[in-house]
Structure formats: structure tokens, C-alpha cells
Protein chains: 4
Amino acid sequence: MGRGRPRSVERRRAILDAAAELALGSQTLPTMDAIATRAGVSRTTLYKWWPSSAAVLLEGLLERFHASIEFDDDLPVRAALTAQVDALVHLLRDTPAGRLLRQLMSASITDAATATALLDQWMEPRRHAAIHHLERGMTIGEIRPGTDTALVVDALFAPAYHRLIWGHAPLDDDLAEHVCALVWPAITT
Amino acid sequence: MGRGRPRSVERRRAILDAAAELALGSQTLPTMDAIATRAGVSRTTLYKWWPSSAAVLLEGLLERFHASIEFDDDLPVRAALTAQVDALVHLLRDTPAGRLLRQLMSASITDAATATALLDQWMEPRRHAAIHHLERGMTIGEIRPGTDTALVVDALFAPAYHRLIWGHAPLDDDLAEHVCALVWPAITT
Amino acid sequence: MGRGRPRSVERRRAILDAAAELALGSQTLPTMDAIATRAGVSRTTLYKWWPSSAAVLLEGLLERFHASIEFDDDLPVRAALTAQVDALVHLLRDTPAGRLLRQLMSASITDAATATALLDQWMEPRRHAAIHHLERGMTIGEIRPGTDTALVVDALFAPAYHRLIWGHAPLDDDLAEHVCALVWPAITT
Amino acid sequence: MGRGRPRSVERRRAILDAAAELALGSQTLPTMDAIATRAGVSRTTLYKWWPSSAAVLLEGLLERFHASIEFDDDLPVRAALTAQVDALVHLLRDTPAGRLLRQLMSASITDAATATALLDQWMEPRRHAAIHHLERGMTIGEIRPGTDTALVVDALFAPAYHRLIWGHAPLDDDLAEHVCALVWPAITT
DNA sequence: GTCTAAACGAGACGGTACGTCGTGTCTTCGG
DNA sequence: CCGAAGACACGACGTACCGTCTCGTTTAGAC
């Protein structure tokens with residue numbers, strides 16, 4: 001029961017914001033040092049609440065963009081899937097989420113903890129939403145039974161992340177629709 | 001004018017090998033220090049020839065796996081594409097290339113030079129090979145004209161890289177075939 | 001007056017004891033943190049009553065060993081002085097006081113407050129007792145008039161402290177007697 | 001045989017000087033950080049050559065004051081001893097050595113390595129010189145045979161160090177002579 | 001054969017960031 | 001008013017790599 005000095009919300013905010021700002025202004029993950037300085041907070045405080053700058057960044061990312069998953073069951077299946085992918089494409093291209101995710105993906109590869117967190121809290125929710133629509137489609141007979149949903153989901157989402165990372169091709173406005181169109185004939189009844 | 005002491009091939013080998021071994025035994029990129037020590041070479045020599053450990057790793061990777069691109073025009077288009085993707089899947093799963101690429105992709109995100117090199121020397125050749133087959137297919141009327149080849153190539157390859165990075169689903173033996181099957185109906189005439 | 005919750009004697013005891021135990025088990029002064037933890041007390045409480053761990057240690061030391069000064073005027077002067085030095089030697093060698101004093105002397109050098117306290121409350125009482133006997137000796141004609149009492153006291157006590165600090169020679173049982181014997185011919189009539 | 005970049009003498013000098021200056025301007029041992037900053041040298045370099053600031057200080061101290069030991073066998077024994085003690089008193093009072101030694105003694109109490117070094121390289125040489133003269137005195141029949149030289153040496157030197165530490169009495173010009181006078185009757189034949 | 005320019009080894013050095021520890025202060029609640 | 005719990009800023013710690021530098025020492029091929 002709330003003993004001791006309560007954690008300062010202002011500082012938490014300052015830290016999350018500082019991390020995001022630094023990350024957006026650079027290719028590389030901000031250092032704990034830099035975040036602390038920018039946020040006007042001591043390094044000790046940082047380490048007390050987060051194990052790494054990636055964790056700080058991730059927390060800020062999730063807080064800002066947690067509400068970006070489409071679960072509208074009234075939409076036709078294809079439209080729902082397209083909306084999902086389209087939401088992702090816009091997120092990656094038009095919001096800070098894209099740049100932040102790039103760096104978090106880099107960190108994920110070398111740091112297992114970040115990988116787990118990012119997978120569980122970012123990727124999986126989106127994958128599950130898509131799988132949900134696919135299964136709904138199978139139920140109502142719009143999607144071919146026996147479809148490998150995991151694979152379809154990867155086919156839908158992977159190109160967007162791929163282009164985010166490599167930058168070899170743009171994240172077009174119609175990317176989502178085209179990707180869905182590419183996959184749809186193979187999975188519809 | 002080959003004046004002066006020529007560069008030692010043995011040392012170059014030792015360095016490339018040391019880098020690969022270290023990378024395979026760890027999640028993170030080896031440090032220049034570690035590579036030099038492992039190769040029995042002075043740090044000076046390393047810095048003389050490569051700007052970063054990622055560059056060392058990349059050079060070794062390309063040297064080992066440059067011959068892994070399928071250009072056989074006698075195969076039917078779909079078989080040729082499947083073979084391409086399948087070759088990639090096996091490379092990523094069954095050879096050191098997978099682990100090395102993971103780390104190089106991480107480095108690419110934060111280091112523009114590595115990104116450029118990896119894109120130009122690893123990704124593009126494979127993409128071009130696939131595009132070549134797609135265009136061949138359009139020429140012989142097997143592929144629908146007007147197909148967005150860049151998108152199709154991403155749809156074919158991205159899932160494999162995606163699973164390499166995230167590890168959320170396995171790089172199955174039949175992944176290549178399934179991915180091609182998923183895309184094929186939408187692009188064939 | 002007497003308002004509010006009175007100070008807890010148990011905690012004071014626990015703190016003094018914890019400090020002494022920690023000091024005896026280490027070369028270095030215990031930290032405030034460690035004392036608080038060991039005593040099962042919050043750091044706040046510590047800082048409320050003592051400015052430093054040296055102060056805690058000193059208070060405990062004085063409490064335990066305040067009664068160790070010989071003022072028996074019935075003894076002959078030389079015997080009284082010898083008894084004084086002997087008491088000190090035994091204190092330094094056979095009781096916790098030795099180890100505690102070592103650390104307090106270390107702290108005294110860098111911290112003026114500790115130095116003053118230790119000087120006033122530990123050194124001076126003992127010096128005055130010795131000076132008292134010397135002056136008594138001068139009064140009864142046993143000690144040469146005009147003797148530099150301050151110097152003699154230093155000559156008597158300093159070797160013991162010196163050996164405590166450096167450990168280059170043992171604090172023998174007969175150290176006190178030998179030191180007195182060394183000085184006596186020069187000060188007796 | 002001198003491979004690699006040779007160690008910079010200037011930096012070594014700058015470090016030793018910086019440490020001494022900082023120590024003289026403060027009660028407490030300088031931090032490694034402060035020494036590095038003051039010397040215009042990186043912390044890494046400091047840690048490469050010395051394990052602690054006490055070690056830096058000690059090296060500087062020994063370098064400056066190694067030549068302060070009197071070994072003149074032509075002097076009468078008592079004069080030689082008095083000269084020894086007098087040299088020490090002047091060193092402690094009139095040169096930086098006094099303040100530096102204070103802090104080194106403090107460090108010695110809590111750090112075994114410093115203690116050993118200081119004992120071996122500062123105390124022992126001086127003690128041996130004094131013992132040498134005492135033994136010479138015994139040989140020529142001026143000092144009573146069977147004299148406990150170790151004790152006499154402590155009686156001669158300890159008061160000076162004692163006053164250095166506590167500051168309860170001054171290091172007078174005639175301190176050396178008085179101390180010798182105090183001890184002499186008991187040891188001369 | 002010698003000359004010579006580059007490759008190479010050894011290691012010093014300045015830097016930046018790391019993650020931890022101890023300090024002393026402050027804030028909030030409960031006895 | 002005492003005390004517990006704990007957040008916080010600060011400063012120093014000792015370490016790891018980084019990239020650069022300054023030497024001395026090979027060594028193959030040009031002369």
C-alpha cells in the first residue's frame with residue numbers, strides 16, 4: 001500500500017519523450033546517457049526503471065500506438081485485412097513509429113529481451129488480429145478451409161517491414177491493397 | 001608498380017574466418033578487438049582494410065555464398081522462382097549465412113555504409129534474378145502483363161527474412177513452395 | 001517538550017552494534033547504507049541522528065570504552081604512567097577498540113569533524129590523565145621540573161598508535177613497560 | 001625491446017603533478033577522475049599505469065623525496081639520529097610531503113596495497129637508516145648493548161607522525177632534539 | 001644484392017558509454 | 001515528532017571498445 005515517495009510521472013514522461021526525440025534524430029539507438037541528459041534526469045533513475053534504451057523506446061512506442069489495431073468484424077474479410085495492412089503501412093511511413101521500429105528491430109536482433117518484448121507486445125497482437133479475420137473468413141466460407149494462416153499473415157505484413165528496413169522500395173499508399181490483391185486469389189473460395 | 005610488401009592473403013583469410021566464427025558464437029556483432037585477437041593479427045591491420053566489423057563479416061559472407069543464385073532459364077518460370085526462394089530458405093536456415101545475415105541486417109539499420117553494401121551485393125542480385133524470371137514469364141505469356149514485379153519479389157522473399165529475424169515461425173522445407181503457391185494465382189495468366 | 005513519538009533506544013543500539021560489527025569485519029569504514037540494512041533501520045533514521053558512519057562508529061566506541069582511564073593517585077607516578085600505556089596497548093590489541101580506532105583515525109585524516117570529535121573525546125582525556133600524573137610527579141619532586149609534559153605524553157602513547165596503524169611491529173605485552181623505561185631516565189630527578 | 005609507441009614522459013609528469021596539486025588543495029584523496037581532468041589526460045591512461053589515486057600520489061611522493069635519508073657515518077651517533085628525526089620533522093612540516101603523507105596514511109589504513117607500498121618504500125628505508133646508526137653505536141660502545149632498536153626507532157619517529165596526523169601539538173624546530181634527548185639517557189652507556 | 005615502400009605488430013592514448021555503488025536529500029505515508 | 005519506504009540527483013568507480021597515433025620490424029619486388 002503506497003508507501004514511500006511515489007514515482008514521478010513527469011519524469012517518466014520526460015524520459016519517454018526524450019528517448020523518442022533522440023531516436024528520431026539519429027540512425028542509432030540513443031544511449032542511456034543521452035536520454036538521461038536530454039530528459040534532465042539522472043542515469044540512476046533510468047536504470048532503475050528500464051534495463052536498456054531499447055526498453056525505454058519500446059515503452060514509449062507502445063504507449064503511443066497501442067490503439068492502432070483494427071478489429072471491426074462488420075467489414076468484409078478482405079477489407080478488414082487490407083485495412084490492417086494499410087494501417088501498418090501508414091504507421092511505418094507517416095508516424096514516428098516507423099523510425100522507432102527500425103531501431104527496435106535492430107536491437108531485437110542482438111538483444112533477446114528486446115526481441116521478446118517487441119514480438120509479444122507489437123508483432124503478436126497485430127498477427128492475431130489478422131489471423132482472427134482469416135478464421136472468420138473460413139467460418140463464413142469466404143476463405144478456403146485449410147489455409148495456412150500464419151503464412152498468409154507473414155505474406156501480408158512482411159513486405160511492409162522489409163521495405164521499412166531496406167528502403168529499396170517505397171511504402172506506397174496502395175501497397176496494402178496490392179499485397180492483399182496478390183494473396184487473395186490463392187486463399188478465397 | 002607492385003612496390004612494397006604485398007598484402008598477406010593468409011592474414012586476410014584468418015581475419016575473415018575469425019570474424020565469422022565469432023559471429024556464429026554470439027548474438028552480437030564481434031568487436032574489432034575480438035576479431036584481431038582471434039585472428040592473431042594487430043588491430044592496425046584490421047582498420048587498414050575494413051572500416052568496421054560488419055564490413056569484415058560482409059566480405060566473408062559474400063565470398064562464401066556468392067554462387068547461390070539460380071539463373072537457369074530452362075526451368076519453367078514458377079519452378080525457377082520456387083527454386084530461388086527455396087535456395088534462400090536453405091541458406092538462411094542451414095548455413096552460417098543465416099546467422100551472419102541476421103547480424104548484418106541489424107548493423108545495416110544503424111549504419112548506412114553496411115546497408116548500402118548489403119543491399120547492393122546481397123539483396124539486389126537476388127531480386128534481379130527473380131525479376132528476370134518474372135519478366136521472362138511475361139514475355140512467354142505465363143505471367144500476367146503489368147504485374148508489379150518489385151512487389152511480387154518482395155512478397156516472395158520478405159517472409160523468409162521476416163522469420164529469420166523474428167523467429168516467430170520456422171523456415172520450413174516447404175516454405176518456398178507455399179509462398180509461391182500463395183502468390184501464383186494472382187500473377188499467372 | 002516530550003511531544004510526539006520518543007526516539008527508539010532499541011534502534012539506536014541496533015545501529016551502534018551493526019556499525020561495530022560491520023567495521024570489525026572489514027578494512028574499510030562501513031557505509032551508511034550497509035549499517036542501515038544490517039540494523040534493520042531506514043537510512044533516513046541514520047542520517048537523522050548521525051552525519052556519517054564514522055560518527056556512528058565513534059559513538060559506539062566511546063560508549064563501550066569510556067571507563068578505561070586510570071586516575072589512581074595512590075600509585076607511584078611511574079607505575080601510574082605505565083598502567084596508562086598498558087591499558088591503551090591492551091585496548092588496541094585485545095578489544096574491538098583497536099580495529100575501530102584504526103578506521104576512525106583514517107576517517108579523521110580526511111574529515112575534520114571526526115578528527116575533532118576523536119581528538120576531544122578519545123585522545124585528550126587520555127593525554128590529560130597522563131599529564132596529570134606527570135604534574136603530580138613534579139609536585140612531589142619525582143619528575144624533573146620543567147619537563148615538557150606534552151612531549152613526554154606523545155613519546156609514551158605515539159608508539160602504540162604507530163604500531164596499530166602500520167603493523168610493522170607487534171603490540172607486545174611489555175611494550176608499555178619498555179616505553180616507560182625508555183623515557184623514565186630522562187624525566188626523573 | 002622497445003616495440004610500440006613509447007610511453008609519454010610528459011603525461012606521466014603531468015599526472016604526478018596534478019595528483020600532488022589536487023592533494024595539497026584538499027583534505028581528501030583526489031579522485032582518479034579529478035587527476036585525469038587536471039592533468040589533461042584520459043582516465044584510461046591513468047588506470048593503465050596506476051591502480052588507485054593513492055598509488056599515483058605515492059609514486060610522486062617517492063620520486064620527489066627519495067633523497068632525504070641521512071646515512072653519514074662520520075657524525076656521532078646521537079647527532080646522526082637527531083639529524084634523521086629532524087629531517088623527517090622538516091619534511092612533514094615544511095614540504096608537501098607532510099600533507100601527502102597524511103592522506104596516504106589514511107589510504108593505507110583501508111587499502112592493503114597502499115599500506116604495503118608505503119611501508120616498504122617510505123617507512124622501512126628510514127627505519128633501517130636509524131637502526132643502522134643505533135647498531136653502529138652499539139659497536140663503538142656508545143649505545144647500551146641489548147637495546148631494543150625497533151622500539152627506540154618507533155619512540156623517535158612516532159611522535160612526529162602522531163602530531164602530523166592529529167595536529168594536537170606543533171612540529172617544532174626543536175622537536176627532533178627534544179625527542180632524542182628524551183630517549184638518549186636510557187640507551188647510552 | 002641492395003634499396004624501398006608498403007604491410008604489419010605492439011602498444012600508448014583520448015574518448016564515450018557502460019552499469020553499479022554510495023551519498024545525501026526529498027516526498028509521502030503510518031505509528 | 002519518529003520512523004519506514006522509496007524516489008531522486010550526483011559523482012565516482014573500473015571496464016570495454018572505439019578509432020587514432022607513433023614507433024619499430026618485416027618483406028617482396030624493383031632497381
Side-chain angles (χ1 to χ4, degrees), chain A residues 1-12 28-37 40-49 51-53, chain B residues 1-12 28-37 40-49 51-53, chain C residues 1-8 10-12 28-37 40-49 51-53, chain D residues 1-12 28-37 39-49 51-53:
Chain A
M1 51 230 60
R3 303 241 285 182
R5 177 173 172 179
R7 178 169 176 190
S8 158
V9 239
E10 297 82 14
R11 286 172 225 268
R12 197 185 93 95
T28 58
L29 267 183
T31 67
M32 289 294 250
D33 258 319
I35 296 174
T37 305
V41 147
S42 82
R43 280 219 317 291
T44 321
T45 303
L46 261 190
Y47 281 111
K48 168 149 216 172
W49 300 105
S52 67
S53 58
Chain B
M1 44 227 52
R3 302 248 289 185
R5 177 174 172 177
R7 179 172 177 190
S8 159
V9 237
E10 297 83 13
R11 288 176 226 271
R12 180 172 169 282
T28 57
L29 269 183
T31 66
M32 289 295 250
D33 253 322
I35 296 174
T37 306
V41 146
S42 80
R43 283 215 325 288
T44 321
T45 306
L46 262 189
Y47 280 111
K48 172 147 217 172
W49 300 106
S52 69
S53 58
Chain C
M1 46 229 64
R3 304 241 292 184
R5 177 172 169 179
R7 179 172 176 190
S8 159
E10 297 83 12
R11 286 176 225 273
R12 180 173 171 280
T28 56
L29 268 182
T31 67
M32 290 294 250
D33 251 323
I35 296 174
T37 306
V41 146
S42 82
R43 283 217 323 286
T44 322
T45 308
L46 263 188
Y47 280 110
K48 174 147 214 169
W49 300 105
S52 68
S53 58
Chain D
M1 53 230 60
R3 306 239 285 183
R5 177 172 172 178
R7 179 170 175 190
S8 158
V9 241
E10 296 83 13
R11 286 172 226 270
R12 197 185 93 94
T28 57
L29 268 183
T31 66
M32 289 293 249
D33 258 321
I35 297 174
T37 305
V41 147
S42 83
R43 243 144 25 87
T44 322
T45 304
L46 261 190
Y47 281 111
K48 169 148 216 173
W49 299 105
S52 67
S53 57

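Just so we're on the same page: letters track the sequence lines, and every chain starts at 1.
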Exercise. Taking for each residue the nucleotide of DNA chain E with the nearest heavy atom, is it D/Arg12 or C/Thr31 whose nucleotide lies nearer the 5' end?
Worked result: D/Arg12
Problem set entry | Distance, rounded to the nearest Å, where C/Leu46 contributes CG and F/dG6 contributes P | 17 Å
For this session: Would you classify A/Thr44 as touching base, sugar-phosphate or nothing, given that sugar-phosphate means primed atoms plus P, OP1 and OP2, and contacts are heavy atoms under 4.0 Å?
Result: base
Exercise. Taking OP1 and OP2 of F/dA4, is either one under 4.0 Å from a side-chain nitrogen or oxygen of C/Arg11?
Worked result: yes
Problem set entry | Earlier contact from the 5' end, DNA chain F, for B/Tyr47 and A/Pro6 | A/Pro6
Seminar exercise, completed: Tightest non-hydrogen contact, residues D/Ser42 and D/Ala36, listed as C-CB, 4.2 Å
Problem set entry | Rounded distance (Å) that lies between atom C1' of E/dG24 and atom NZ of C/Lys48 | 15 Å
Seminar exercise, completed: Heavy-atom nearest nucleotide on DNA chain E taken for A/Pro30 and for C/Pro51; more 5' hit belongs to A/Pro30
For this session: Give a yes/no answer on whether the side chain of D/Trp49 brings an N or O atom under 4.0 Å of OP1 or OP2 in E/dA12.
Result: no
Seminar exercise, completed: When rounded to whole Å, the CG to P distance for the pair C/Asp33 and E/dT20 reads 15 Å
Exercise. What heavy-atom pair brings D/Ser53 and D/Pro30 nearest, and what distance separates the two atoms?
Worked result: OG-O, 2.9 Å
Problem set entry | Closest non-hydrogen atom pair between D/Leu46 and D/Met32, with its separation | CD1-O, 3.1 Å
Exercise. Checking D/Arg11 against D/Trp49: charged group under 6.0 Å from the ring centre and within 45 degrees of the axis?
Worked result: no
Seminar exercise, completed: Here the distance between atom C1' of F/dG11 and atom CD1 of D/Ile35, to the nearest Å, is 15 Å
Exercise. Hey, does D/Arg43 reach any base, or is it just sugar-phosphate, or nothing, if we go heavy atoms under 4.0 Å?
Worked result: base
Seminar exercise, completed: Closest of F/dG6, F/dC18, F/dG14 to the D/Met32 side chain is F/dG14
Exercise. Within this structure, what is the CG-to-C1' distance between A/Leu29 and E/dA17, rounded to whole angstrom?
Worked result: 13 Å
Seminar exercise, completed: What one should report as the nearest heavy-atom pair of A/Val41 and A/Thr45 is CG1-CB, 3.8 Å
Exercise. Out of F/dA7, F/dT27, F/dA12, which nucleotide sits closest to the side chain of A/Arg5?
Worked result: F/dA7
